[in-house]
Colleague: 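Structure below; questions to follow.
Just so you know, ligand 1 is whichever comes first in the structure, and atom 1 is the first atom listed for that ligand. Since the structure is predicted, the reported quantities are computational estimates derived from the model, not experimental observations. Residues take their numbers from the sequence shown, with the count starting at 1.
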Amino acid sequence: MPSALPDGEPVPADGALPASALAGAADRPLGFYLHVPYCATRCGYCDFNTYTATELRGTGGVLASRDNYAETLVDEIRLARKVLGDDPRPVRTVFVGGGTPTLLAAGDLVRMLGAIREEFGLAPDAEVTTEANPESVDPAYLAELRAGGFNRISFGMQSARQHVLKILDRTHTPGRPEACVAEARAAGFDHVNLDLIYGTPGESDDDWRASLDAAIGAGPDHVSAYALIVEEGTQLARRIRRGEVPMTDDDVHADRYLIAEEMLSRAGFSWYEVSNWATSEASRCLHNELYWRGADWWGAGPGAHSHVGGVRWWNVKHPGAYAAALAEGRSPGAGREVLSVEDRRVERILLELRLLDGVPLDLLREEGRAAADRALSDGLLRPEPFAEGRAALTLRGRLLADAVVRDLVD
Ligand SMILES: C[S@@+](CC[C@H](N)C(=O)[O-])C[C@H]1O[C@@H](n2cnc3c(N)ncnc32)[C@H](O)[C@@H]1O
Ligand code: SF4
């Protein structure tokens with residue numbers, strides 16, 4: 001969840017949604033994203049809406065404090081219940097992300113999940129994930145999460161090489177993420193993900209191979225591999241501008257992606273979204289699949305985005321302002337937009353083209369359809385799905401996904 005918020009119309013104080021958003025809701029799955037906006041230190045590349053204790057000092061008083069955070073978030077879950085009314089849907093997925101969720105006590109995360117269970121009920125096979133920083137968990141913490149209903153965990157590994165972790169300002173030591181996977185398995189987690197970043201300045205092909213080797217060797221059932229994005233306004237962007245660290249280029253990113261695909265597929269992982277690989281269909285991240293397929297999700301927490309039935313809204317960014325709104329019984333929503341039919345068409349193409357199954361060709365207009373024909377003959381789309389009416393990327397297409405999608409939305 002990057003930190004910049006769009007403009008939009010105001011959200012009513014009670015958070016009420018237009019009736020159109022709730023029409024047909026029973027037929028759509030519902031997920032919850034719970035944002036935890038705290039980190040021990042800020043990684044130089046990170047643009048997410050998260051705050052260190054120093055950044056928060058004096059800006060939100062006791063309201064912004066992480067000690068009170070679980071209670072505040074539970075208030076938003078109760079608000080969600082009121083806004084969604086007698087919506088009968090049990091929650092299919094819960095994803096706690098950050099920030100660093102595991103800076104909170106395990107009991108706080110379990111309490112937040114408990115509020116969803118009380119207010120909405122969880123589907124019997126609900127997927128319940130938390131992100132975790134490797135240095136912030138131990139076996140007792142993981143056991144408490146597992147006993148409290150979490151069944152999936154995602155560790156931010158990023159790299160196995162010390163010099164790469166240093167450029168990224170990561171505070172864990174090499175080897176710790178792999179140990180976390182073993183601890184999570186021992187605690188009974190069925191599903192474990194490792195996040196990796198490639199293309200960090202100073203990283204070589206061999207460094208990247210070593211990171212993939214270490215990640216695969218740890219035995220997760222899911223790996224996410226992201227090209228490093230140098231976000232404007234971050235410490236990393238400033239260091240690159242000052243010439244202190246070099247910038248990597250797109251060719252390097254493409255080479256690293258091909259290495260990832262080769263090593264992960266050899267190890268039994270299959271891609272199902274451009275940046276995500278899993279060992280089986282059951283190991284895919286259902287929460288992200290709901291998001292990519294335009295289902296309903298409620299994002300609770302500062303700066304979190306929500307989407308219900310074609311209405312998208314986003315919360316105020318600062319934890320102090322967020323807590324103050326809820327303490328006064330107001331929605332923390334900062335703005336919203338009702339998506340037009342055209343917005344939803346474009347959004348579907350942007351998200352679904354990145355999936356293994358791709359996007360239906362009948363969503364494309366004339367120019368987009370002509371672009372799809374060209375992409376097919378250029379080897380960027382796979383012939384078989386195309387013959388069945390879907391635009392689905394080849395390996396080369398995955399390398400150029402952003403460019404392909406730009407042409408298809410025309
Ligand atoms: C926002 S983090 C939250 C999880 C946790 N705090 C952590 O860092 O491990 C989620 C993931 O986003 C990825 N990420 C964050 N900023 C990124 C950037 N600028 N470029 C590429 N990936 C990024 C990292 O792989 C990270 O694990
Ligand atoms: S720990 Fe994660 S969320 Fe926090 S600053 Fe680093 S990358 Fe961002």
Side-chain angles (χ1 to χ4, degrees), residues 1-4 33-56 66 95-104 109 129-137 152-161 164-174 176-178 180-181 184 192-201 203 208 211-212 214-215 218 220 222-240 245 247-248 250 252-253 256-257 260 273-277 285 287-288 291 299 301-305 317 319 402:
M1 193 188 50
S3 63
Y33 171 76
L34 310 180
H35 187 64
V36 178
Y38 305 107
C39 285
T41 56
R42 180 175 286 273
C43 308
Y45 60 92
C46 179
D47 181 35
F48 280 59
N49 188 36
T50 186
Y51 303 81
T52 63
T54 319
E55 286 167 352
L56 278 181
R66 68 182 198 229
F95 192 104
V96 187
T100 305
T102 44
L103 266 191
L104 299 185
L109 302 189
T129 307
T130 186
E131 289 182 337
N133 284 38
E135 70 283 8
S136 64
V137 296
R152 186 171 184 277
I153 190 156
S154 170
F155 293 106
M157 173 173 175
Q158 323 309 354
S159 172
R161 292 293 206 212
V164 177
L165 292 171
K166 190 159 183 284
I167 294 280
L168 294 173
D169 298 323
R170 299 296 293 191
T171 51
H172 62 261
T173 47
R176 179 62 203 144
E178 298 92 299
C180 285
V181 177
V192 184
N193 171 59
L194 290 173
D195 277 346
L196 294 172
I197 288 182
Y198 57 89
T200 300
E203 179 196 63
W208 177 231
S211 296
L212 286 160
H222 191 286
V223 170
S224 303
Y226 302 111
L228 178 69
I229 300 170
V230 179
E231 304 279 5
E232 263 320 301
T234 58
Q235 183 65 13
L236 180 64
R238 286 191 286 278
R239 292 181 69 194
I240 289 174
V245 288
M247 187 53 209
T248 49
D250 286 353
V252 168
H253 281 168
R256 302 271 155 84
Y257 187 87
E273 193 272 349
V274 169
S275 303
N276 289 279
W277 288 258
C285 177
H287 181 82
N288 281 340
Y291 166 72
H305 288 232
K317 270 179 66 177
D402 292 344

Colleague: If the cut-off is 4.0 Å to any non-hydrogen atom of Gln158, which atoms of ligand 1 fall inside it?
Modeller: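 It comes down to these atoms of ligand 1: 8 (O), 9 (O), 24 (C), 25 (O), 26 (C), 27 (O).
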
Colleague: Measure distances from atom 6 (Fe) of ligand 2 and count the protein N, O or S atoms below 2.8 Å.
Modeller: 1

Colleague: Taking the side chain as everything from C-beta on, heavy atoms only, tell me whether Pro201 gets closer than 4.5 Å to Leu228.
Modeller: yes

Colleague: Only heavy atoms of Arg170, strictly under 4.0 Å: list the atoms of ligand 1 that pass.
Modeller: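 Under 4.0 Å from Arg170, ligand 1 has these atoms: 7 (C), 8 (O), 9 (O).
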
Colleague: Closer than 4.0 Å to some heavy atom of Gly99 - which atoms of ligand 2 meet that?
Modeller: 3 (S)

Colleague: Using heavy atoms and a threshold below 4.0 Å, how should the contact between Tyr226 and ligand 1 be classified: side chain, backbone, both, or neither?
Modeller: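 Only the side chain of Tyr226 comes within reach of ligand 1.
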
Colleague: Any luck finding a side-chain donor-acceptor pair between Glu131 and Ser154 under 3.5 Å?
Modeller: no

Colleague: Got a sec, which residues hit side chain to side chain donor-acceptor pair (under 3.5 Å) with Gln158, two or more places apart in sequence or on another chain?
Modeller: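 Applying side chain to side chain donor-acceptor pair (under 3.5 Å) to Gln158 gives none.
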
Colleague: Quick check on contacts: which atoms of ligand 1 are under 4.0 angstrom from a heavy atom of Phe48?
Modeller: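 In order of number, 1 (C), 15 (C), 16 (N).
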
Colleague: Side-chain contact, heavy-atom cut-off 4.5 Å: His253 with Tyr198?
Modeller: yes

Colleague: Between Arg170 and Pro134, is there a side-chain heavy-atom distance shorter than 4.5 Å?
Modeller: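 Yes - at least one pair of side-chain heavy atoms lies under 4.5 Å apart.
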
Colleague: Quick test of your reading of the structure: of Gly97, Ala227, Gly99, Cys46, whose heavy atom lies closest to atom 6 (N) of ligand 1?
Modeller: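 When every heavy atom of Gly97, Ala227, Gly99, Cys46 is considered, Gly99 comes closest to atom 6 (N) of ligand 1.
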
